[in-house]
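None of these values were measured; they are calculated from a predicted model. These values consider heavy atoms only, across backbone and side chains, with no hydrogens, waters or symmetry-generated copies.
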Amino acid sequence: MVSLLFFFFLLITLCPSSSAAANTTTEYLKLPLLHKTPFTSPSEALAFDINRRLSLLHHHRHQQQHKQNSFRSPVISGASSGSGQYFVSLRIGTPPQTLLLVADTGSDLIWVKCSPCRNCSHRSPGSAFFARHSTTYSAIHCYSPQCQLVPHPHPNPCNRTRLHSPCRYQYTYADSSTTTGFFSKEALTLNTSTGKVKKLNGLSFGCGFRISGPSLTGASFEGAQGVMGLGRAPISFSSQLGRRFGSKFSYCLMDYTLSPPPTSFLTIGGAQNVAVSKKGIMSFTPLLINPLSPTFYYIAIKGVYVNGVKLPINPSVWSIDDLGNGGTIIDSGTTLTFITEPAYTEILKAFKKRVKLPSPAEPTPGFDLCMNVSGVTRPALPRMSFNLAGGSVFSPPPRNYFIETGDQIKCLAVQPVSQDGGFSVLGNLMQQGFLLEFDRDKSRLGFTRRGCALP
């Protein structure tokens, strides 16, 4: 029954018209991942992520749910507001209202703060979506098949006393943060790669009237008006826009420490990366599917190296078990990297053995390895690389996993995860400086250090 509903949803959600299908343009669309100013206090800005890992990951284990055009837009860092997230600017409604959403590959639902929203600060323009000001807004009916694709606050989403009851959703993240509201439809206004303005009707999203929990009311959400879920389910932004522009999306997360910060982009569609792929500078690894957690983009780690030496980690610690536990996901909505505990222990041991810098006078809460780099212009830090399935190697520079947490203090930005039901996460700091391409048709993840500067 669920699979039939999903298939029906795929047919009706943002389905291109016959005239659009005949269009062979290579035009693509892109969204800015807008990067603000660097952290003023990195240790304070990242504290939320240390204590509440996977704060923007919706856990699905208990609820199952082609043309070469593309869409591209800048991505904004949340650094200036004390957040380790990257934001996407989205224009929604008629006339368009501009909102900043957290770009999150670890969840599916697109939702925005709607006025009036409890626990939401929306006194300033652009801090919430005003549905009553839009001529194209409509709530999805509770008996609609689309309503079955979102979790509900009650077993029966329909109010039997009301004939036209809207679809109520309740979406809960891993740290129990929750958004509740109406599952709705609205129009998007998008700029294409050729400078054209496109208006797309029928985006399914959550109009949130209540938010709660640390991820949505605390420092990690500062500056955002909602979440753009980029997961694998039909309700995600990448799935809905993928019906028009191709089942592929990519992004570059630029270094948050650079000033002025460079602009990076979220792109829906694949035309912009053809040149990169043809030059053979993009590496690939298979994207795995965990049936018990279908939202996430899993990759398979085969080995970890520090300064070229393979660490003695049992390969079984990276596997997904029969209960859906374990594995490793790529997530843009989590800042730090989290590694399953047996592997983390070996990584920490290898780093401690190779770090020759003194420890700080005072320990840094939440970090197991820190060093005092005062007086050292270019500290020599160990290099870590991940051997992935398919023969590719992901080798980020040390600045992706050694961060400045205080004046002249650098710490290892990797945290342990208990093996008891936990899974590893490569967060957005580890991804910085790479073009990452999520190719859902070929079920593979592409990555390269040379793609982010391309127009």
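Gln240 contributes a side-chain N or O that, together with a main-chain N or O of Ile235, makes up a donor-acceptor pair within less than 3.5 Å. Put simply, the side chain of Asn290 gets close to the backbone of Gly324: a donor and an acceptor are under 3.5 Å apart. Ser89 places no side-chain N or O within donor-acceptor distance of the main-chain N or O of Leu100, the cut-off being under 3.5 Å. The closest donor-acceptor contact from the side chain of Asp331 to the backbone of Gly106 lies under 3.5 Å. In terms of modelled atom types and a separation under 3.5 Å, the side chain of Thr178 and the main chain of Ser176 share a donor-acceptor contact. Within the 3.5 Å criterion, the main-chain N or O of Asn325 finds a donor-acceptor partner in the side chain of Asp321.
Under the ring-ring contact (aromatic ring centres under 6.0 Å, His included) criterion, Phe394 pairs with Phe434, Phe447, not counting sequence neighbours. Partners of Phe438 according to the ring-ring contact (aromatic ring centres under 6.0 Å, His included) rule, which considers only residues two or more places apart in sequence or in another chain, are Phe249, Tyr251, Tyr297. Listed by chain and number, the residues in a ring-ring contact (aromatic ring centres under 6.0 Å, His included) with Trp318 amount to none (sequence neighbours excluded). Checked against side-chain hydrogen bond (donor to acceptor under 3.5 Å, both in side chains), Tyr401 has no partners two or more places apart in sequence or in another chain. Annotation: ring-ring contact (aromatic ring centres under 6.0 Å, His included) contacts of Phe402 (sequence neighbours excluded): Phe351. In this structure, Arg232 has no side-chain hydrogen bond (donor to acceptor under 3.5 Å, both in side chains) partners at least two apart in sequence or on a different chain. Asp407 meets the side-chain hydrogen bond (donor to acceptor under 3.5 Å, both in side chains) test with no other residue; sequence neighbours excluded. For the side-chain contact (heavy atoms from CB on, under 4.5 Å) test, residues two or more places apart in sequence or in another chain that qualify with Lys310 are Tyr305. Here Ser236 pairs with Ser238, Ser239 under the side-chain hydrogen bond (donor to acceptor under 3.5 Å, both in side chains) rule; sequence neighbours left out.
In this structure, the ring of Phe205 has its center no less than 6.0 angstrom from the ring center of Phe183.
Checked by atom type, the side-chain pair Tyr169/Thr179 shows a donor-acceptor distance below 3.5 Å. Counted by atom type alone, Tyr86 and Gln432 present one or more donor-acceptor pairs between their side chains at under 3.5 Å. Remark: the Ser134 side chain and the Glu186 side chain contain an N/O donor-acceptor pair separated by less than 3.5 Å. For the residue pair Ser332 / Asn428, no side-chain donor-acceptor distance below 3.5 Å is found, with atom types taken as modelled.
How far OG1 of Thr105 is from CG of Asp108: 10.5 Å, rounded to the nearest 0.5 Å. Atom OG1 of residue Thr345 and atom CD1 of residue Ile313 lie 9.0 Å apart, to the nearest 0.5 angstrom.
Residue pairs meeting the disulfide bond (SG atoms under 2.5 Å apart) criterion with at least one member in residues 328-362: none, sequence neighbours excluded. The stretch residues 348-376 participates, sequence neighbours left out, in these salt bridge (charged side-chain N to carboxylate O under 4.0 Å, His left out) pairs: Glu346-Lys349.
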Quiz item: Taking it one step at a time, do Thr337 and Gln415 satisfy side chain to side chain donor-acceptor pair (under 3.5 Å)?
Solution: CA-CA 6 Å; Thr337 286; Gln415 300 290 316; over 6 Å; no

Donor-acceptor list for residues 370-392 side chains, cut-off 3.5 Å, not counting sequence neighbours:
residue: Asn372; atom: OD1; partner: Ser374; partner atom: N; Å: 2.9
residue: Asn372; atom: OD1; partner: Ser374; partner atom: OG; Å: 2.7
residue: Ser392; atom: OG; partner: Phe284; partner atom: O; Å: 3.1

